[in-house]
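Structure, as structure tokens:
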2 protein chains.
Amino acid sequence: MSYKAPVEQIDFILTHVVPFPELARTDLYREASADTARAILAEAGKLASNVLAPLNRAGDLHPARLENGVVRTSPGFAEGFRAIAEGGWVGVSADPEYGGMGLPQALNMAVAEMMSGANLALQLNPLLTQGQIEALEHHASDDLKALYLPRLISGDWSGTMNLTEPGAGSDVGALTTKAEPAGDGTYRISGQKIYITWGDGDVTANTCHLVLARLPGAPKGTRGISLFMVPKFLPDDQGDPGVANDLKVVSLEHKLGIHGSPTCVMSYDGAIGWLVGDENKGMAAMFTMMNVARLGVGMQGVGVAEAALQQAVAYATDRDQMGPIIGHPDVRRMLATGRAEVFAGRAIGLACATAIDLARATGDADHAARAAFLTPIAKAYGTDMGIRVADMGIQIHGGMGYVEETGAAQYLRDVRITSIYEGTNGIQAMDLVGRKLADGGDAAMRLLDEVLDGAKSAQGAHPDLAHQLWQAAETLREATHALLDRDMPARFAGAVPYLTAFARVLGGHFHLRAAMAGGAGHQALARVFMARVLPHHAGDLAEALAGADDLTGLSDAALAGDVAA
Amino acid sequence: MSYKAPVEQIDFILTHVVPFPELARTDLYREASADTARAILAEAGKLASNVLAPLNRAGDLHPARLENGVVRTSPGFAEGFRAIAEGGWVGVSADPEYGGMGLPQALNMAVAEMMSGANLALQLNPLLTQGQIEALEHHASDDLKALYLPRLISGDWSGTMNLTEPGAGSDVGALTTKAEPAGDGTYRISGQKIYITWGDGDVTANTCHLVLARLPGAPKGTRGISLFMVPKFLPDDQGDPGVANDLKVVSLEHKLGIHGSPTCVMSYDGAIGWLVGDENKGMAAMFTMMNVARLGVGMQGVGVAEAALQQAVAYATDRDQMGPIIGHPDVRRMLATGRAEVFAGRAIGLACATAIDLARATGDADHAARAAFLTPIAKAYGTDMGIRVADMGIQIHGGMGYVEETGAAQYLRDVRITSIYEGTNGIQAMDLVGRKLADGGDAAMRLLDEVLDGAKSAQGAHPDLAHQLWQAAETLREATHALLDRDMPARFAGAVPYLTAFARVLGGHFHLRAAMAGGAGHQALARVFMARVLPHHAGDLAEALAGADDLTGLSDAALAGDVAA
């Protein structure tokens with residue numbers, strides 16, 4: 001396993017495929033020149049390839065463990081995290097006032113992709129910390145900001161997100177953790193939280209928990225949830241970690257993958273916490289945190305896909321079965337499709353990040369709507385694709401892929417979580433066909449217009465590719481209108497295939513842009529995408545428009561296999 | 001995890017969907033009445049549900065291990081195997097002359113599905129032993145038959161298949177293991193073999209290895225390979241295990257799944273062996289063994305899919321997130337699609353088995369061609385589907401699916417091997433578009449004619465379903481003709497999607513038959529299949545006909561991600 005960070009591939013997309021160059025023309029991101037971007041990518045790429053990737057296997061083989069209530073992390077992870085922190089990579093997009101680099105999310109996400117391709121388990125720590133920084137920047141009081149932000153951005157401390165409880169997963173409104181006002185402006189937090197990624201560890205001096213909880217008398221459901229900062233060690237007057245707070249790690253989960261990432265069951269037993277944002281407005285703050293994290297998870301899928309694909313290509317180049325198997329049509333089909341899909345996932349993710357940046361830099365509502373529309377697609381397609389490519393990597397290896405020593409299986413085990421956390425991909429798809437189409441399809445249509453315009457302007461240079469994309473985009477446009485006429489259960493029943501179809505068309509769009517801008521390799525890759533990935537959108541859309549009647553017509557008993565049902 | 005063997009579901013398919021009832025009208029299988037079938041299924045179902053399934057978790061948690069050169073199997077596995085042996089389940093289809101039941105493969109495969117759904121790691125032992133029995137029945141001398149068959153069929157001894165070597169995986173012809181004639185009718189076998197499933201274990205008194213090796217001066221490639229019986233203990237004059245042979249287990253693989261199945265690296269150091277079949281005709285004997293095993297592996301995919309789906313349905317019934325999640329449209333979509341696909345995979349597998357039986361009982365070449373055509377489809381679709389459904393089972397569980405304690409992840413880890421062993425699914429697909437279309441498409445067209453006839457006769461009762469299937473089958477027929485005009489590289493580049501498209505159409509065919517014969521549940525399930533699984537055949541066929549030019553047009557450097565390529 002030797003991972004080479006895809007610095008040039010990312011640079012190509014930022015330069016030619018997504019409107020990243022526009023950012024340097026805004027006031028906010030005037031520093032984000034092509035040269036700066038290239039320097040950032042090169043430095044982060046070195047860290048990923050040379051420092052983080054070599055630790056990836058040890059994380060799998062020597063999982064984080066709980067010893068006397070304290071989490072001991074995998075060999076080398078503390079040093080790996082120090083390297084991330086010292087490079088300033090926690091704060092790529094954080095506020096320079098508190099020590100951040102203030103660079104666009106597009107660069108932050110590119111760095112996130114490379115770090116997660118190198119070492120997903122370790123990268124989860126900065127990813128979650130970044131989400132916390134984002135939430136504090138937007139919602140915390142000045143005092144909390146001044147105390148926590150510099151320490152989080154520097155990587156001296158790390159941050160977690162405490163949402164899930166045993167009885168409340170995707171149904172966040174059902175959570176029961178309590179917050180009692182102590183009368184001195186602080187609160188006492190009590191309850192149990194599960195699936196807390198990097199809930200503890202020996203890589204930072206303090207672990208800062210953002211915890212969702214209910215104040216006394218708060219309304220039921222999601223409107224009665226508030227957000228609290230609950231640090232492991234209470235900061236003393238100098239802001240150093242002081243007395244231990246009343247919270248503990250109860251146990252660690254034994255997981256399919258990301259063994260190097262401690263997934264904690266946390267218990268809060270009257271722990272001291274500080275309110276972040278307004279009372280009962282915790283969900284808004286949590287969504288701030290989750291929004292960037294969602295895109296970050298999509299980039300995790302891309303990152304692991306790139307790593308798994310690199311290993312599969314290397315194996316197929318070396319493995320000789322009547323000639324190197326990379327020349328066998330079926331093996332080449334798998335690898336080429338994987339390469340084409342990785343490009344698509346990366347471009348969609350970076351387009352989403354750029355839209356977030358343009359929205360922030362310009363205040364333009366269209367950019368914000370674009371970002372909101374692309375986020376669930378980037379998350380779900382990036383991660384589904386990551387799982388698909390990692391699975392393909394195993395298949396390329398044959399029996400060697402099923403044996404753990406090659407590391408091919410680790411990629412699948414690691415990346416498998418990404419379609420589940422930060423909102424399952426089903427929830428992403430429902431967000432897309434529900435909230436993100438609630439504008440009557442405006443954002444979707446603006447995006448499709450761009451796709452159609454792109455196809456039009458590519459007609460001369462690449463008539464076949466342009467034609468295929470044009471047709472697919474038109475079909476998608478019609479399907480979008482048809483979906484808008486359906487009720488919510490019918491939309492939800494087709495949400496996942498609709499999202500997938502949209503991702504295929506977007507992937508085709510970005511491939512066509514790459515073919516227009518790039519050389520023979522990009523044109524060849526675009527042909528592969530149009531021939532092997534795009535055509536499946538027809539089946540996706542047929543399924544997307546199938547409605548829900550067939551599902552409700554099938555009884556629970558028949559679903560369980562009762563032939564008499 | 002509590003698995004309930006799908007006895008009624010299998011019985012329904014044998015009674016109404018595949019031509020199993022015809023078997024009882026043949027001389028060879030006149031015992032295979034509906035009542036006998038039902039009794040067999042019920043008994044095997046009890047064994048699977050009550051004895052084998054409860055051992056499944058222990059196999060995962062306590063893998064087989066090598067101690068002083070001897071394999072120690074997982075807790076309870078020895079008792080589990082005894083129960084299989086004592087029930088006569090190793091010899092369901094074996095020759096009654098040597099103690100077998102002499103029943104059709106259709107029943108054997110149904111039993112195999114249930115045993116593998118309950119405990120894949122353990123079921124591999126009888127599956128491989130059955131393959132050995134089949135090879136000996138067809139190719140061994142009477143002496144070898146008399147010595148080995150009764151002991152293998154009774155389950156006193158077990159059998160393995162030694163094909164792969166470090167340098168020779170899918171390219172069998174490259175193998176280098178040597179066989180030197182000893183002058184006394186025996187041979188001395190020397191070489192190393194890898195991936196030997198159940199290469200040793202403490203569940204039987206002897207382990208009989210069928211080993212592919214080269215005689216001195218044998219031609220290169222697959223025409224110079226002979227097959228040898230090489231037992232762990234040399235049988236004494238009474239046929240009891242005697243002196244240890246010169247072979248040993250060098251190591252066990254650390255695998256993604258099927259931890260309870262010892263996967264051995266075997267070393268043969270001048271071990272005594274007996275020739276099975278003619279010199280240099282080892283591949284023919286090995287294919288006999290592999291053919292049934294291929295279908296058996298397809299049924300493994302179906303079995304694990306059934307088990308994973310049962311658990312997912314149970315979880316979705318219990319899990320409450322604003323109502324049980326089984327009622328949520330997206331969750332129901334996943335479960336319903338899974339149920340529809342499991343039915344399709346099972347029906348395809350049992351149709352293939354029945355074709356094998358009819359060919360054997362009647363000697364009719366059309367049945368043999370049907371069996372040959374369906375085998376790669378049953379193997380590849382059954383296992384791809386098994387992986388897909390097990391993966392879906394994790395997704396249904398959300399975070400709980402990623403945590404190992406629920407067992408949802410074990411299903412994916414276990415079943416993941418099935419698309420690799422007994423010929424990767426890519427090789428199955430190449431077999432389909434290469435060898436199995438070498439008749440100019442006759443077998444394919446006969447099958448499609450049946451599908452079209454079925455659609456025609458269902459027009460009155462289920463016009464929509466019949467119409468959808470008709471159209472898909474027509475498209476497939478055209479695609480088949482188009483594929484026949486292509487050269488082999490172009491066919492191979494589209495082989496996997498072609499196989500998948502064929503499986504979708506066959507699945508639709510069997511669903512329509514079930515809808516005609518069964519009640520509301522079958523009709524509802526057929527609607528789900530036609531709405532959500534069948535429509536993807538269009539994309540598959542577009543990809544199947546894409547040719548190989550896009551793949552050869554993409555350089556190795558571009559495949560590796562070089563943007564300048």
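Remember, it's a predicted structure, so these values are computed and weren't measured experimentally. Chain A is the first sequence line, chain B the second, and so forth, proteins listed ahead of strands; every chain is numbered from 1.
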Where at least one partner belongs to residues 523-565 of chain B, residue pairs that pass ring-ring contact (aromatic ring centres under 6.0 Å, His included), sequence neighbours excluded:
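Pairs touching residues 523-565 of chain B that pass the test: B:H511-B:F529.
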Shorter than 4.5 Å, heavy atoms on both sides: which option in [options] has the most such pairs with chain A?
options	answer
B:V313, B:T317, B:I420	B:I420
B:R527, B:R319, B:R532, B:R332	B:R532
B:L335, B:L525, B:T424, B:D556	B:D556
B:Q310, B:K4, B:R413	B:R413

Counting only non-hydrogen atoms closer than 4.5 Å, does [X] touch chain A with its backbone (N, CA, C, O), its side chain (CB onward), both, or neither?
X	value
B:E404	both
B:I326	side chain
B:P324	neither
B:M530	neither
B:A174	neither
B:F492	both
B:D540	both
B:A538	neither

Proximity breakdown for [X] and chain B, heavy-atom pairs closer than 4.5 Å:
X	value
A:D11	neither
A:M400	both
A:A531	both
A:I258	both
A:E253	side chain
A:A560	both
A:I394	both

Rounded to the nearest 0.5 Å, what separates atom CD1 in A:I427 from atom CD in B:Q321?
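So the CD1 of A:I427 and the CD of B:Q321 are separated by 7.5 Å.
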Residue pair B:A336 / A:L551: nearest heavy atoms and the distance that separates them
CB-CD2, 3.8 Å
Is the shortest side-chain heavy-atom distance between B:D391 and A:R416 below 4.5 Å?
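B:D391 vs A:R416: side chains touch.
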Taking the side chain as every heavy atom from C-beta outward, state whether B:P329 and A:R491 have any atom pair closer than 4.5 Å.
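No; the side chains remain at least 4.5 Å from each other.
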Donor-acceptor check, side chain of B:Y402 to backbone of A:Y421, threshold 3.5 angstrom: yes or no?
no
Test side chain to side chain donor-acceptor pair (under 3.5 Å) on B:S419 and A:Q395; report intermediate values, then the result.
CA-CA 8 Å; B:S419 69; A:Q395 194 69 18; 2.8 Å; yes
For B:R339, what residues pass the salt bridge (Lys or Arg N to Asp or Glu O under 4.0 Å) criterion, not counting sequence neighbours?
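So B:R339 forms a salt bridge (Lys or Arg N to Asp or Glu O under 4.0 Å) with B:E306.
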